[in-house]
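These notes concern the structure reproduced below.
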Amino acid sequence: MKTEQAKDIIEKHIDQLAENLDSGHSEQLTEFLSTMAKFHRYSLGNVLLIMAQKPDATHVAGFNTWKSFGRYVKAGEKGIAILAPMTFKSQESESPQIETDKDEEKSIRFRVVYVFDVSQTDGEPLPEFAKVTGDPGDYSERLKGLVRQLSIELEYSDQLGGALGVSRGGKIALKEGLDPSQEFTTLVHELAHEILHQGDERKGSTKTTRELEAEAVAFVVAQAIGLDAGTASSDYIQLYRGDKAQLTQSLDAVRKAASLILEAIV
């Protein structure tokens with residue numbers, strides 16, 4: 001696959017996603033967010049590429065990386081194309097250069113590389129990770145640790161006017177007496193507001209968009225740690241009935257916020 005073909009796949013999937021949301025259908029978005037939860041370290045475009053080529057993928061890596069884990073790619077398996085950045089000196093266009101002068105102007109280009117899902121490999125078993133179902137356990141304390149690290153005050157109150165949580169710019173209030181799962185997902189939701197919506201960058205967004213972005217972040221984080229958040233998030237999420245540029249911007253904001261949280265707690 002060539003780079004332009006990969007970019008075309010990304011573009012078509014954003015178009016299709018925007019069309020589906022515009023028609024009131026959020027199933028594809030839910031599938032995309034579930035894929036994002038598994039591959040939160042990947043760019044928005046690469047998440048779309050993985051979803052387009054192998055929607056049931058769970059763990060992907062390159063040929064040599066699998067080999068280092070004592071696994072090998074099965075004969076005849078077709079790789080999943082993703083885009084990898086390469087840095088070039090601005091005056092060069094043929095081959096990547098070693099960076100020796102920090103002040104020298106650089107340009108970034110992308111090339112297609114191939115990864116394989118674990119289901120396409122055989123060999124040594126991968127380590128088993130603890131699975132979460134209805135109780136986030138230690139993840140809650142790690143999440144609260146991230147809140148403190150970001151200098152955000154966390155308090156509990158029964159005076160929130162019916163809301164489960166409130167973000168106030170440097171302070172988050174949660175309703176008293178939430179069960180562990182509700183407390184975790186509500187705190188992620190409010191933390192997403194703190195990360196995404198308290199600065200100047202996204203002040204032009206609507207209240208509905210901000211709520212849906214925060215809920216999408218909560219959905220991705222819950223999925224990534226194996227927490228069953230029920231159907232509320234997936235039923236609630238429909239980011240836009242608007243243009244594709246807004247949708248792309250919003251999805252990338254969700255990915256970055258979810259990745260920041262997951263890097264801190266997983």
Side-chain angles (χ1 to χ4, degrees), residues 26-42 44 47 50-51 55-60 117-119 126-150 152 154-157 160 162-167 172-197 210-239 250-266:
S26 62
E27 296 86 355
Q28 188 186 14
L29 177 59
T30 303
E31 291 174 12
F32 170 75
L33 293 175
S34 294
T35 304
M36 184 189 291
K38 291 179 283 190
F39 304 107
H40 61 89
R41 291 183 176 88
Y42 286 75
L44 176 65
V47 173
I50 293 169
M51 181 180 171
D56 60 344
T58 57
H59 297 88
V60 300
D117 183 53
V118 63
S119 64
L126 292 178
E128 288 290 329
F129 297 97
K131 294 184 179 179
V132 177
T133 53
D135 188 336
D138 291 343
Y139 290 113
S140 282
E141 289 307 312
R142 295 175 199 166
L143 181 62
K144 291 172 187 175
L146 175 60
V147 171
R148 291 191 295 271
Q149 183 182 331
L150 295 174
I152 299 169
L154 176 62
E155 63 179 26
Y156 293 83
S157 172
L160 299 183
L164 298 182
V166 178
S167 162
I172 292 173
L174 297 181
K175 183 180 178 180
E176 290 182 342
L178 296 177
D179 66 50
S181 175
Q182 264 191 325
E183 180 179 312
F184 180 85
T185 54
T186 303
L187 183 52
V188 174
H189 179 110
E190 301 307 331
L191 181 55
H193 280 310
E194 292 288 319
I195 294 168
L196 293 175
H197 305 135
R210 293 193 295 272
E211 287 302 315
L212 294 172
E213 287 176 347
E215 192 65 13
V217 173
F219 180 87
V220 170
V221 172
Q223 287 267 310
I225 69 165
L227 182 64
D228 182 5
T231 62
S233 292
S234 58
D235 290 344
Y236 182 48
I237 292 166
Q238 282 195 35
L239 286 181
S250 193
L251 289 176
D252 201 41
V254 167
R255 182 193 65 80
K256 288 175 180 176
S259 183
L260 186 153
I261 294 169
L262 287 167
E263 288 291 337
I265 70 173
V266 175

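These numbers come from the heavy atoms of this one structure, side chains and all, not from hydrogens, waters or symmetry mates.
Within the 3.5 Å criterion, the main-chain N or O of Q182 finds a donor-acceptor partner in the side chain of T186.
Below 30°, between 30° and 60°, or above 60°: for H197 and H193 the angle between ring planes is between 30° and 60°, a tilted geometry.
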Steps toward side-chain contact (heavy atoms from CB on, under 4.5 Å) verdict (I225, L262): CA-CA 8 Å; I225 69 165; L262 287 167; 4.1 Å; yes
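Nearest heavy atoms, A224 versus A37: CB-O, 3.4 Å. Looking at every heavy atom in both residues, K144 comes nearest to L187 through CG-CD2, 3.9 Å. Heavy atoms only, all atoms of each residue included: P180 and P136 are closest at O-CG, 3.6 Å.
With rounding to the nearest 0.5 angstrom, the OG atom of S157 is 6.5 Å from the CD atom of E176. Taking CG of L251 as the reference point, atom CZ of R255 lies at 10.5 Å (rounded to 0.5 Å). Between atom OG1 of residue T35 and atom CG of residue D56 there is a gap of 9.5 Å, rounded to the nearest 0.5 Å.
Proximity of I261 to I195: side-chain heavy atoms (C-beta onward) are separated by under 4.5 Å at one or more points. Taking 4.5 Å as the limit, every side-chain heavy atom of T185 sits out of range of all side-chain heavy atoms of L164. Here the side chains of M36 and F219 are not in contact, with every heavy-atom distance at 4.5 Å or above. For the pair L44/F32, a side-chain contact is recorded, criterion being any heavy-atom separation below 4.5 Å from C-beta on. Contact check for E194 versus I172: side-chain heavy atoms found under the 4.5 Å cut-off. I50 places none of its side-chain heavy atoms less than 4.5 Å from the side chain of K38. You'll find the side chain of Q223 stays beyond 4.5 Å of the side chain of L33, heavy atoms only. L196 is listed as a side-chain neighbour of V217, based on a closest heavy-atom distance under 4.5 Å.
Heavy atoms of other residues, nucleotides or ligands lying less than 6.0 angstrom from CG of D252 number more than 12.
Partners of Q28 by side chain to side chain contact (heavy atoms under 4.5 Å, CB included), not counting sequence neighbours, listed by chain and number: H13, Q16, L17, N20, M51.
A salt bridge does not link E213 with R210: every distance from a Lys NZ or Arg NE/NH1/NH2 to an Asp or Glu carboxylate oxygen is 4.0 Å or more.
Applying side chain to side chain contact (heavy atoms under 4.5 Å, CB included) to F184 and the options D179, L227, D135, L178 leaves one that passes, L227.
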